[in-house]
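Here the structure is laid out as structure tokens; the discussion comes afterwards.
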Amino acid sequence: MTVYYYKDRFIESGQQLLPIEERAYNFGDGIYEVVRFERGVPVGLSEHLERLETSAAAVRLRLPYSLEEIRAIVAEAAGRVKSEAVDVYFQISRGEAPRVHAFPDAEPVLALFARPGKVHTDESRRVGVSVITVPDERWANCYIKSLNLLPNILAKQAAVEAGAYEAVFVRDGFVTEASASNVFGLHEGVFYTAPAERGILNGITRRFIIAAIRDLGYALKEERMSAAFFEQEVEAAFISSTTMDIMPLCAINSRKLQPLEDTSLIWPVLGRMRELSRG
Ligand SMILES: Cc1ncc(COP(=O)(O)O)c(C=O)c1O
């Protein structure tokens, strides 16, 4: 069951009509967020709304509603989906106007859908997922959660065709992030993840994980991993996102990683990040 909202109202499934000159559609001229609700409670919604505001300012997009109004619409949408886990996708586009590149005189548009979310279990985390590495050919401003995801889509498709779950981007010989997640490595008791610069999306999950690692007193280096280090030397690694929390890797390209042992530092980090994000 999926719930839809466009502009100023909820609409029936099957009644979504997209104006052809809608800038989200013509240019990818907009920004978005995905937030999860668990048993009706949002995870990190304030952080997602804050990032929406940052993305909007970065692309000079006026939000059609206040953050509090958007929060209420998102919560209402989640509440209409009867499921333990609900993912709400919401986007703001620059609106509908005759197609010219420069900003039109148009009203920005909120569109969203809410649907049941896939719950990843610790059992599935013990199995893990595989990744391939691919060149990061995206633009310089990946900190903006923009609708333009063509390079991410091509990377994910390359992963799927290689029999892998996710594609990890490598730029100038260093891991940045993955097509729809952030990347962490673990080597000799030290966690590694790329710093939150313009070239990566500063994941909300990534932030909770970093807070958890610090809280637990574990060592963390917010520095870029070289592709060689990531591909050959890390003993464990995981990807993170709103819909997965933490998902360990079982293979990087052709190299297999050991399944997570019960003693792995990743388990306490998962537990603590859950407490922090659901607190
Ligand atoms: C490119 C990219 N990096 C990282 C993430 C993880 O971000 P978050 O933890 O906020 O879901 C996403 C999520 O969709 C993403 O698309």
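Every number for a ligand or one of its atoms is a count from 1 in the order of the listing. The residues of the chain are indexed from 1 along the displayed sequence.
- Between Asn253 and Thr133, the side chains place a donor N or O and an acceptor N or O closer than 3.5 Å (distance only, hydrogens not considered).
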List below, pair by pair, the N or O atoms of ligand 1 and of the protein that are less than 3.5 Å apart, including the distance to 0.1 Å; reply 'none' if no pair qualifies.
residue  : atom   : partner : partner atom : Å
ligand 1 : 3 (N)  : Glu177  : OE1          : 2.6
ligand 1 : 9 (O)  : Ile204  : N            : 3.3
ligand 1 : 9 (O)  : Thr205  : N            : 3.0
ligand 1 : 9 (O)  : Thr205  : OG1          : 2.6
ligand 1 : 10 (O) : Arg51   : NH1          : 3.0
ligand 1 : 10 (O) : Arg51   : NH2          : 3.0
ligand 1 : 10 (O) : Ile204  : N            : 2.8
ligand 1 : 11 (O) : Thr242  : N            : 2.9
ligand 1 : 11 (O) : Thr242  : OG1          : 2.6
ligand 1 : 14 (O) : Lys145  : NZ           : 3.2

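- Taking the six-membered ring where tryptophan is involved, the planes of Tyr5 and Phe10 are perpendicular, since the angle between them exceeds 60° and thus also 30°.
- Every residue meeting the side chain to side chain contact (heavy atoms under 4.5 Å, CB included) condition with Glu123, not counting sequence neighbours, appears here in chain and number order: Thr121, Arg126.
- Side chains of Glu22 and Ser93: a donor-acceptor N/O pair is present below 3.5 angstrom, by distance only.
- Side-chain contact check for Asn141 and Arg198: at least one donor-acceptor pair (N or O, by modelled atom type) lies under 3.5 Å.
- Both tests do not hold together for Arg94 against Phe27: distance to the six-membered ring centre under 6.0 Å, angle to the ring axis within 45°.
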